[in-house]
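One structure below.
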Amino acid sequence: MRYGIYSDIHGNYEALEAVLEVFLHEGVDKYICGGDVVGYGANPKECLEKVLELDSMLVAGNHDYAIAGKLKIDYFNQHARQAVMWTREQLSKKYKNFLASVDMVQRLDDKLTLVHSTLSFPELFDYIQTGYDAHLSLEILDTPICFYGHSHVPVAFFEGHAVTFSMDDEIDVNPDSKVLVNVGSVGQPRDGNPLASCCVYDDELGKVWIHRVEYDIDTAVEKIMRAGLPEILAKRLYYGK
Ligand code: ZN
């Protein structure tokens with residue numbers, strides 16, 4: 001089975017379309033979305049509709065819950081708050097109710113787990129940044145692999161005597177061990193590389209490939225500006241920051 005895993009789309013429809021082209025080309029059988037479908041970008045409704053149309057396995061991100069009114073936005077920075085307010089206006093009650101109903105953790109049989117932030121405290125929306133953070137999630141994980149997002153930086157953490165990490169674009173999945181894979185961000189990469197990020201997992205081959213995908217950044221930027229959203233949310237797309 002081939003899985004196409006994508007996360008942190010953040011309303012960037014141009015980036016989403018480009019990533020879905022890759023999934024099509026790679027012969028993906030099942031779509032898996034790590035949340036933050038909306039927030040920041042100019043096409044929240046279109047992105048959400050696409051995720052649903054693909055019957056994606058889905059978990060909620062902090063922006064999804066914030067827009068649904070389920071999470072306080074006090075700790076969001078000013079630009080993120082503005083984007084939350086704007087996005088709320090763009091989505092019907094039906095979609096906001098749907099976002100509020102999405103779970104924070106999903107498991108596909110004994111094959112894989114999906115979360116937006118951490119498995120240890122998914123409701124806190126903390127970041128996995130250190131080996132110790134990764135250890136806390138790996139300890140709970142009861143499938144060989146867990147996909148996650150949130151930091152917008154692709155990276156893999158491997159279980160071991162000491163947790164190790166890799167930023168390679170090819171990751172080996174060992175059925176006797178456990179790995180956490182951050183799939184990066186479709187719509188707002190933050191690792192200094194502006195290309196959209198996603199990954200493909202082949203569970204028979206035991207391999208994950210991170211893909212970086214070119215897309216029409218100019219159009220995504222123009223739409224954000226036209227929507228009257230903060231300029232920084234547009235410009236950062238050129239720098240991947
Ligand atoms: Zn995000």
Side-chain angles (χ1 to χ4, degrees), residues 5-16 19 32-48 50-51 56-68 70-88 90-91 95-96 99-100 102-106 114-119 121-129 133 137 146-155 180-199 210 212-213 215 217 220 224 229-230 232-237 239-241:
I5 305 104
Y6 60 129
S7 186
D8 296 271
I9 304 159
H10 285 292
N12 184 339
Y13 195 69
E14 284 67 35
L16 177 58
V19 159
I32 295 188
C33 179
D36 275 3
V37 177
V38 298
Y40 294 138
N43 288 113
K45 179 168 165 276
E46 292 76 6
C47 290
L48 185 54
K50 191 49 107 177
V51 168
S56 308
M57 179 177 165
L58 176 67
V59 289
N62 48 325
H63 286 257
D64 302 322
Y65 273 178
I67 284 150
K70 200 173 170 173
L71 189 74
K72 284 199 180 142
I73 55 172
D74 313 6
Y75 79 100
F76 278 48
N77 70 44
Q78 181 203 334
H79 307 302
R81 268 207 303 270
Q82 262 176 273
V84 166
M85 305 308 274
W86 182 86
T87 306
R88 278 181 184 160
Q90 313 304 313
L91 295 178
Y95 284 138
K96 281 181 273 196
L99 288 174
V102 177
D103 289 334
M104 283 181 289
V105 184
Q106 290 264 23
L114 179 69
V115 68
H116 185 69
S117 57
T118 71
L119 286 177
F121 297 101
E123 69 283 5
L124 297 182
F125 293 105
D126 283 336
Y127 294 96
I128 296 179
Q129 281 168 325
D133 300 336
S137 285
C146 174
F147 294 100
Y148 71 107
H150 196 39
S151 71
H152 301 200
V153 176
V155 58
L180 301 173
V181 177
N182 189 320
V183 303
S185 169
V186 172
Q188 197 195 77
R190 290 182 195 156
D191 60 343
N193 177 352
L195 303 181
S197 184
C198 65
C199 78
I210 303 277
R212 299 308 291 260
V213 190
Y215 74 97
I217 299 184
I224 290 173
L229 284 158
I232 188 175
L233 299 181
K235 294 281 159 68
R236 66 190 300 174
L237 297 182
Y239 307 106
K241 288 229 156 79

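Order of appearance sets the numbers: ligands from 1, and atoms from 1 within every ligand.
Between His10 and His152, the angle of the ring planes lies from 30° to 60°, which puts this pair in the tilted group.
Nearest heavy-atom pair, Thr87 versus Pro44, reported as atom, atom and distance to 0.1 Å: CG2-CB, 3.6 Å.
With respect to Asp8 and Arg190, no salt bridge is recorded, no charged nitrogen being found less than 4.0 Å from a carboxylate O.
Within the 4.5 Å cutoff, the side chain of Ile128 has no heavy atoms near those of the Asn182 side chain.
Tyr6 and Ser56 form a side-chain donor-acceptor contact under 3.5 Å, judged by distance and modelled atom types alone.
Taking 2.8 Å as the limit, the number of protein N, O or S atoms around the Zn ion (ligand 1) is 4.
Other residues, nucleotides and ligands place more than 12 heavy atoms under 6.0 Å from the OH atom of Tyr75.
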